[in-house]
Amino acid sequence: MSERIPQHRYTAELAGRIEAAWQDRWEAEGTFHSANPAGPWAEPDDPRLGTGHRYIMDMFPYPSGTGLHVGHPLGFIATDVHARYLRTTGMNVLHTMGFDAFGLPAEQYAVQTGQHPRTTTERNMEVYRRQLRRLGMGHEQRRSFATIDPDYYRWTQWIFTQIYHAWYDEDAPARTGGGTGRARPIEDLVEQFAAGERATPDGRPWGQLSRVEQAEVLDGYRLAYLSDAPVNWCPGLGTVLSNEEVTAEGKSERGDFPVFRRSLSQWMMRITAYADRLVDDLDRLDWPEKVKLMQRNWIGRSTGAQVRFPVTTTDGGQDAVEVFTTRPDTLFGATFMVLAPEHPLVERLVPDAWPEGTREAWTAGEDSPRGAVTAYQRQAATRSDMERQADTRAKTGVFTGAFATNPVTGTLIPVFVADYVLMGYGTGAIMAVPGQDQRDWDFATAYDLPIVRTVQPTPDHPDDQAFVGEGPAINSANDEVSLDGLDVAQAKERIITWLVGKGLGEATTTYRLRDWLFSRQRYWGEPFPVVWDEEGVAHTVPDHLLPVELPEVPDYSPRTFDPQDAQSSPEAPLARATDWVEVELDLGDGRGVRRYRRETNTMPNWAGSCWYYLRYLDPANDQAPVDPAVERYWIGPRPAPVAGAPAGASDPGGVDLYVGGVEHAVLHLLYSRFWHKVLFDLGHVSSEEPFRRLINQGMVEAWVYRDERGFPVPAAEVEEHPDPEGGAPTFTWNGEPVTQEYGKMGKSLKNVVTPDEMCEQYGADTFRVYEMSMGPLEQYRPWETRAVVGSMRFLQRLWRNVVDEETGELVVVDAEPDEQTDKAVHRTIDGVRADYEALRTNTAVAKMIELNNHLTKLAEVPRAAVEPLVQMVAPVAPHLAEELWSRLGHDTSLAYAPFPEADPAKLVEDTVTCVVQVKGKVRDRLEVAADVDPATLEELALASPKVQHAMGGAPVRKVIVRPPHLVNVVV
RNA sequence: GCCCCCGUAGCCCAACCGGCAGAGGCAGCCCACUUAAAAUGGGCCCAGUGCGGGUUCGAGUCCCGUCGGGGGUACCA
């Protein structure tokens, strides 16, 4: 039957041949190479250096063993289209793609298959490379790399050492020139200590501290430091995890295993030092509001006051319970206090006996406060996070037997221990203000504690609830200060001033953000460039000895445990490589060759993705991660701030367009911003942010079909039966009825469609056009294979407008296009350019289809009409466009052929259709001159018989004239 | 619970600063080509914008409420 198909029809088979040929040619000619101004690849004479530049980037893929499905390339195609468009406007465009190849899945897959992670990872990357090439990606191949390349992770380790040898000086002027706070080399701090400008923790002179003591002091400042603190231990994965990698349910984000709090010695990154800048600088980024909001919430900055409540300890000493509150204005309503069960002060507050008059309900039935508190602490400690989640409403707690003094009222208020107060936030203690906090209200009603309202509730506010809204202060005065009548903001200000004056408190800010746990007990990650000496002091490996290469080990799989075994401890696989761990080195510190033990943890896989955008800029540089001039050229600050930035904001620099999934909203994007800011502070980069503009592409989802037992059946084999009544269609598989639902694309749901299949059946260009015409980039959309033919038909028609299907001869004519066609061409150019500019490829494709359909109807297709169309289609269907371009007689690639220009004169119509409405309803349409004056138009409209009829003789009250498109008569 | 996003034709989606609801595609139907087919060509059909109010000369678009779907977060003091 194939002999019936015209020989030169644009079929999948022909598309495949054309595509392979152009891919070879692009590669051979280095079509997508961009020009660098400096560094190893400097081409200072390249003319593109003077014509503007754009850096377009995708979140690089993790090469999984299953390859790509049709959802993965959505963002990649979008950036490729945009990059290709930008090249035709003369820009120097950098667009490449590497691989995020370290990490858990690669290791787990390798464990499953019994092969070395490097073997499987490299094979997976080959599959990805082939798949991406087949899709016609215009990636600059020479800039591509993987995070597992020693040449790359050498610099990842180098950055770690930079961070390790830095501390955050709150008081130093910011490098931007405004404000204070920046990272500085640790040597500056050592100098301050040595010179006595800064006191050591115990006051002894720096020189009198031992090497170990000095190291410990510095660890308290370093931006990368070792901490012995409770961390997230996941026995099921055999590693510790960062807070960001643990879900709200207390499970590992990857694998959904239980996570337990264990105190372990681990590497941390002092990201909290950057909390303010990470929040504030979001304003200067062109990112989705949703992502900015997620980062703001994650950092969780809240401002308020730290207030001290005097207490007498059991030994008779005077101490104070320090609380953090965002509502210091409600201090007069603090009728009791609550400490977290783990609060260190608890032990020194609990008396031997219950004070006289202690209520039965406060004692939990125990004979002594000590017994009650200990029992409660034990219970709180054994309750898992899951259990705590389960009953978030019910408040439990126990009286400590101690009282504190409310510093503004002078009254003694009872101190409780309750697990609704968390040790990890604020100071681990609160002043409870039931009148203005619902949690405190719940606790107060449960334990019969006094409630004092200190903000006047609104009249309709229920009597049995805390009032958390705005209002004037009431019941808030003592002999020295009165807040009564002030609004919340004023009251806060006045009470803080008073507290500061009395030495009872001060304004403070707290954050939800915690430091970033940076070590993992895995094999497949970057080794730390750290060794330990005999005294247990850490040293970084000198730069010239980097990279510290990952050793070969007989058994690279991690030791995992029963997921529920909270008492197990991590074992780093690298610790088994004893030949590697024990090492003799000269660190160049004057102490000569000595014996050291290597650090056996590895870095989390976020490390590699923290800075890859910098390395793309200058991947062959062996002197620095990136040449400073190259960095400044590509991502240095631009003169104008981003759209929507607050007045007076400056551009922070960064990648011009970064496209990726919203799942990295806090993890990768927060870590990456943090590293970038450290590098900025230390003077290694000129930009303050890594990614100036971010877009989250939507996901391609798919239909899932299940049989009667609920098992998924192969979606591709399901038949759809339309309902004759016009209702919902029904579905069968092998004749059996199946149900349809919407979900992710995945192997287990038997609904995976791969780009390879699409290239096979339709060709890469068709696939690209289809993905781009499904809807806006940000949108989630269902995959529908049968709809792909629409894109195929479009390209086929375009082909036919240039090439005779039977003979392969050119069919275009050199005659001038008629006026209508000419205008359609220019209108399309104008619209498509704007659409490409704004990444609205779906509407760009629609406009091109429209023009193409118009050309199809002509007896002969004029060259002057179809050539611009071929150029316009090139970003989306590059192979077809190149082929037609060459058949039209051009011998150079159109990758850099200037995008067609619309002639403004041809965009204006001589006459337009004017709509005449009566009371907002369309009653007539008039053909009028485009430049008709309002008075004439009004006259014409009122003279219309249809309008007169619609008015029914009613008098004209008002006429709205919007020439030339609309007249609205109000009667 | 709180916060954010989205509801337009059977389906995927357009609609600029509020100004004719339809650009494009799928499916369906009809016709042509064909021995037959379709990944061919031509044509046709299809909603008043989830629902209820409001502002306006005029609302898919702005405001309020409500329902449905998706996402984030959750004793954060």
Side-chain angles (χ1 to χ4, degrees), chain A residues 1 4-6 9-12 248 288-291 293-294 297-298 300 302 304 323-327 330 338 388-389 391-395 418-422 424-433 437-440 442-443 510-512 662-663 665-666 720 722-723 726-729 742 761-763 766 769-770 773-776 778-794 796-797 800 805 831 834 840 842-850 852-853 856-857 913-922 925 957-960 962 965-971:
Chain A
M1 66 179 191
R4 285 290 183 167
I5 295 173
R9 170 165 294 177
Y10 182 73
T11 58
E289 271 312 313
K290 178 191 165 84
V291 175
L293 190 70
M294 284 165 71
N297 288 342
W298 188 260
S302 54
V323 303
F324 172 73
T325 176
T326 56
R327 295 293 304 273
T330 64
V338 184
R388 280 207 192 189
Q389 294 288 334
D391 48 14
T392 54
R393 291 279 155 253
K395 298 278 177 291
D419 66 1
Y420 81 94
V421 173
L422 311 172
Y425 184 79
T427 61
I430 62 160
M431 62 177 208
V433 186
D437 184 293
Q438 191 57 43
R439 292 156 306 180
D440 296 345
D442 294 342
F443 193 85
T510 61
Y511 304 87
R512 203 185 86 111
V662 71
E663 64 272 19
V666 281
E720 179 176 345
D723 180 62
Y742 190 49
Q761 291 170 36
Y762 301 98
T766 294
V769 171
Y770 177 65
S773 54
M774 286 167 87
E778 295 88 342
Q779 199 147 311
Y780 282 59
R781 72 286 304 270
W783 178 261
E784 197 178 1
T785 298
R786 68 177 179 181
V788 180
V789 300
S791 302
M792 183 89 193
R793 287 181 192 142
F794 162 49
Q796 255 172 3
R797 278 199 281 264
R800 235 184 345 255
E805 282 192 338
R840 290 187 304 252
N842 55 326
T843 51
V845 170
K847 290 181 176 86
M848 290 187 280
I849 291 174
E850 196 181 2
N852 191 47
N853 288 350
T856 303
K857 290 181 186 116
T913 308
C914 176
V915 178
V916 188
Q917 300 176 330
V918 178
K919 284 174 69 183
K921 285 213 164 83
V922 180
R925 291 183 168 84
R957 273 214 291 153
K958 199 174 174 186
V959 183
I960 285 105
R962 292 279 181 278
H965 288 291
L966 180 123
V967 176
N968 190 6
V969 184
V970 189
V971 293

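Side-chain atoms are counted along with the backbone in the values below, which use heavy atoms only and exclude waters and symmetry mates. Proteins come first, then strands; the chains are lettered A, B, ... in the order of their sequence lines, and each starts at number 1.
- Closest to the side chain of A/Phe324, out of B/G41, B/C12, B/A77, is B/A77.
- Considering only the side chain of A/Gln779, B/C13 comes nearest among B/G72, B/G19, B/C13.
- Nucleotides B/U34 and B/C29 are separated by 22 Å at their P atoms, to the nearest Å.
- Taking atom C1' in both B/C13 and B/U56, the straight-line distance is 29 Å, to the nearest Å.
- Out of B/U40, B/A77, B/C75, the shortest distance to the side chain of A/Arg9 is found at B/U40.
- For A/Lys290, counting side-chain heavy atoms from C-beta on, the closest listed nucleotide (B/C4, B/G43, B/G24) is B/C4.
- Checked by distance alone, A/Arg925 brings a side-chain donor or acceptor within 3.5 Å of a matching partner on the base of B/C20.
- Listed nucleotides: B/A23, B/C76, B/C20. Nearest to the side chain of A/Leu422: B/C76.
- Residue A/Thr510 is out of contact with every strand shown, counting any heavy-atom pair closer than 4.0 Å.
- One atom, CD of A/Glu784, and another, C1' of B/G25, lie 10 Å apart when rounded to the nearest Å.
- Distance from the side chain of A/Val915 is smallest for B/C20 among the nucleotides B/C20, B/A39, B/G19.
- Distance check on atom C1': B/A59 versus B/C45 gives 28 Å, rounded to whole Å.
- A cation-pi arrangement is absent between A/Lys395 and A/Phe443, since the terminal nitrogen or guanidinium carbon is not both under 6.0 Å from the aromatic centre and inside a 45° cone about the axis.
- The separation of B/C20 from B/G52, taken at their P atoms, amounts to 23 Å, rounded to a whole angstrom.
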